[in-house]
Amino acid sequence: MRSRGLLGIILAASVYAGANDSMLIRNATVHPVSGPKQENVSVLVVDGKIAEVGAKVAAKGKIKVVDGKGLHVYPGMIDSGSPVGMSEISSVRETTDTGELGDFNPQLRALIAVNPESEHIPVVRANGITSVMVLPGSMGGRGAGGGSIISGQVSMIHLDGWTWEEMEIRRDAALQLVWPAIASRGRGASDDDLPPALAARRVTFAQAKRNQEEDVRKLKEFVEEARRYQKAKAGKETGLKPDLKYEAMLPVLEGKRPIMVLASREREIREAVEWAERERLKIVLANVREPGKMTEELAKKKIPVILGSPFTTPIDDDAAYDEPFTLAAELNKAGVKIAFASFGTQFARNLPYEAGQSVAFGLPYDEALKSVTLNAAEIWGVADQYGSIEPGKWADLVVTDGDLLEVKTNVKMMFIKGAPVDLESKHTKLYKKYLARP
């Protein structure tokens, strides 16, 4: 277990004055991610934003100073997909707010369902994760529906704040779509492997194929209806009544907002890519597990991929045991931009280890670090504000005593927009409680 609560000890030895979101971290090893690491340098934060990074940077005015000697400074990590804050106990319906009834719910925003008091939030951020793309619908428990084809809008949030409004980074960062798959619960498959939109009952392959074709047909019709609405609105058609579902589709149809398409296997990925091209839509593929021959196509078409945890077994029984571990390296080698997501709540804290484990199976370390920071920020369109340590960006910073992607590393401090964040959690409280047991 990582040690926490040292923020007060370190800061107690520092000069404390000035605004709560301005400070100087001095004499630390800084990992900007956008460039090589720098040793014995300082990071100046003014009004929550990074002002300077360098060896000769000094405090300006009366601001707090943090002694970073022997410590490492990283940008805060971004989980590119998790229902954290929306699902407390997946098996208890009353604590889960991740889904709604109906196949198409593009108007729903995950952000407003986030509970800032979730016990999972402090656990996740204690491992260096400062922000999350919160997913509506499909992941994190089946207690509250969660079987839509379009589940709603994915929101990017900070993991700190009294209210969801304070946590908001971007409320409509993407639209979530589960690509219909031929799901018959074949050998080796489980409920967790199947897209929730199709995870109803085991059926024959023929029936599963008909189900999939029917869902694709419904999706195409829905997009066509949205385009007719778009055209009618643009033409100021008489008698047109506002429709929240189609209104939510307009930024997607105009190419202003990407669609996060969950598709695991080669066939689903190919169908989703071909559909997006026909509809002229911008997509980000997520939960990719077996891209197969589509790997080169994804690189050629510059379609980013969000990977889930490699700590799982292959989908097929006869696949190589290390297939989940080597996937990130293979995609990176082909030229596909990747990021990692937890796609869950209770293990969202393992995000840095997903990237770290992939290094052991061929993913270059720098690319692994980018996959949980700068790559994620670029994919979700916030790289001008987050994802690296550069002047002008918000100071979402993590201070550690070692490599951020290593299990044995302790997160010593965290800052979101320059303000210190409490690293206490239910885990640390229980650790202390039982450590002191008579």
Side-chain angles (χ1 to χ4, degrees), residues 76-90 95-99 108-144 146 151-161 164 167-178 192 195-196 260-262 264 284-289 304-312 338-355 371-373 375-377 379-380 382 386-387 396 398 414 416 425-427:
M77 287 183 284
I78 301 170
D79 185 339
S80 286
S82 168
V84 66
M86 300 172 64
S87 176
E88 208 65 13
I89 304 171
S90 61
T95 69
T96 301
D97 194 9
T98 57
L108 301 181
R109 287 172 170 160
L111 177 67
I112 62 174
V114 171
N115 172 20
E117 297 300 324
S118 168
E119 291 283 2
H120 293 287
I121 290 176
V123 172
V124 172
R125 70 185 179 209
N127 262 14
I129 302 162
T130 55
S131 51
V132 168
M133 290 282 285
V134 284
L135 298 176
S138 63
M139 299 275 182
R142 305 183 184 85
S151 303
Q153 298 175 36
V154 188
S155 305
M156 178 175 277
I157 63 168
H158 273 133
L159 290 179
D160 190 41
W164 59 260
M167 301 169 76
E168 175 183 350
I169 296 177
R170 180 168 290 186
R171 65 179 57 189
D172 46 9
L175 193 71
Q176 184 187 5
L177 185 155
V178 179
D192 293 335
M260 177 194 284
V261 181
L262 280 80
S264 298
V284 176
L285 288 169
N287 204 29
V288 169
R289 299 190 62 185
V305 167
I306 309 300
L307 296 172
S309 172
F311 303 113
T312 184
I338 61 169
F340 278 94
S342 62
F343 292 124
T345 301
Q346 67 269 37
F347 298 118
R349 64 182 185 275
N350 289 337
L351 183 75
Y353 316 136
E354 294 179 3
S371 71
V372 289
T373 54
N375 278 8
I379 291 171
W380 302 121
V382 295
Y386 303 98
D396 285 8
V398 179
M414 173 182 283
I416 291 181
S425 70
K426 188 171 184 177
H427 288 196

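In terms of heavy atoms, Y386 sits closest to A377 at O-CB, 3.5 Å. Nearest heavy atom pair, residue V288 against residue L307, reads O-CD2, 3.6 Å. Nearest approach of V372 to A355, heavy atoms of both residues: CG1-CB, 4.1 Å. What you find for E354 and A341 is that their closest heavy atoms are OE1-O, 3.0 Å. The two residues M167 and D160 make their nearest non-hydrogen contact at CG-O, 3.4 Å. Shown here for I129 and L351, the closest heavy-atom pair between the two residues is CD1-CB, 3.7 Å.
For the pair S80 (side chain) and A376 (backbone), a donor-acceptor distance under 3.5 Å is absent. Counting only distance, with no hydrogens or angles, the side chain of D172 and the backbone of Q153 share no donor-acceptor pair below 3.5 Å. At distances below 3.5 Å, at least one donor-acceptor pair connects side-chain atoms of N375 with backbone N or O atoms of I338.
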TODO: Report the C-alpha separation of W380 and M156 in whole Å, then their side-chain angles, then the decisive distance to 0.1 Å, and conclude whether the side-chain contact (heavy atoms from CB on, under 4.5 Å) test is met.
DONE: CA-CA 9 Å; W380 302 121; M156 178 175 277; 3.9 Å; yes

- [ ] Go through the steps to decide whether L111 and V134 satisfy the test side-chain contact (heavy atoms from CB on, under 4.5 Å), and finish with yes or no.
- [x] CA-CA 7 Å; L111 177 67; V134 284; 5.5 Å; no

TODO: Given side-chain contact (heavy atoms from CB on, under 4.5 Å), test N127 with M77 step by step and report yes or no.
DONE: CA-CA 9 Å; N127 262 14; M77 287 183 284; 5.5 Å; no

Task: Residues F311, F347; criterion side-chain contact (heavy atoms from CB on, under 4.5 Å); working and verdict - done: CA-CA 11 Å; F311 303 113; F347 298 118; over 6 Å; no

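L108 has its side chain out of reach of P136: every pair of non-hydrogen atoms, C-beta onward, lies at least 4.5 Å apart. In this structure, E168 and V114 have side chains that are not in contact, with every pair of non-hydrogen atoms separated by 4.5 Å or more. With a 4.5 Å cut-off on side-chain heavy atoms, R171 and W164 count as touching. At least one side-chain heavy atom of M414 sits less than 4.5 Å from a side-chain heavy atom of T130. Taking 4.5 Å as the limit, some side-chain heavy atom of L135 sits within range of a side-chain heavy atom of Q176. Residues E88 and S118 form a side-chain contact, since some pair of their non-hydrogen atoms from C-beta on lies under 4.5 Å apart. You'll find the side chain of S131 reaches within 4.5 Å of the side chain of I169, heavy atoms only. Contact annotation: the side chain of T96 never approaches that of M86 to less than 4.5 Å [non-hydrogen atoms, C-beta and beyond].
Expressed to the nearest 0.5 Å, how far CD of E119 lies from OG of S425 amounts to 8.5 Å. Taking CD1 of I89 as the reference point, atom OG1 of T95 lies at 5.0 Å (rounded to 0.5 Å). Distance CD1/I121 to CD1/I157: 5.5 Å, rounded to 0.5 Å. To the nearest 0.5 Å, atoms CE (M133) and CD1 (I306) are separated by 7.5 Å.
Take S82 and apply the side chain to side chain contact (heavy atoms under 4.5 Å, CB included) test, not counting sequence neighbours, and it matches D79, V84, V132, S342, A348.
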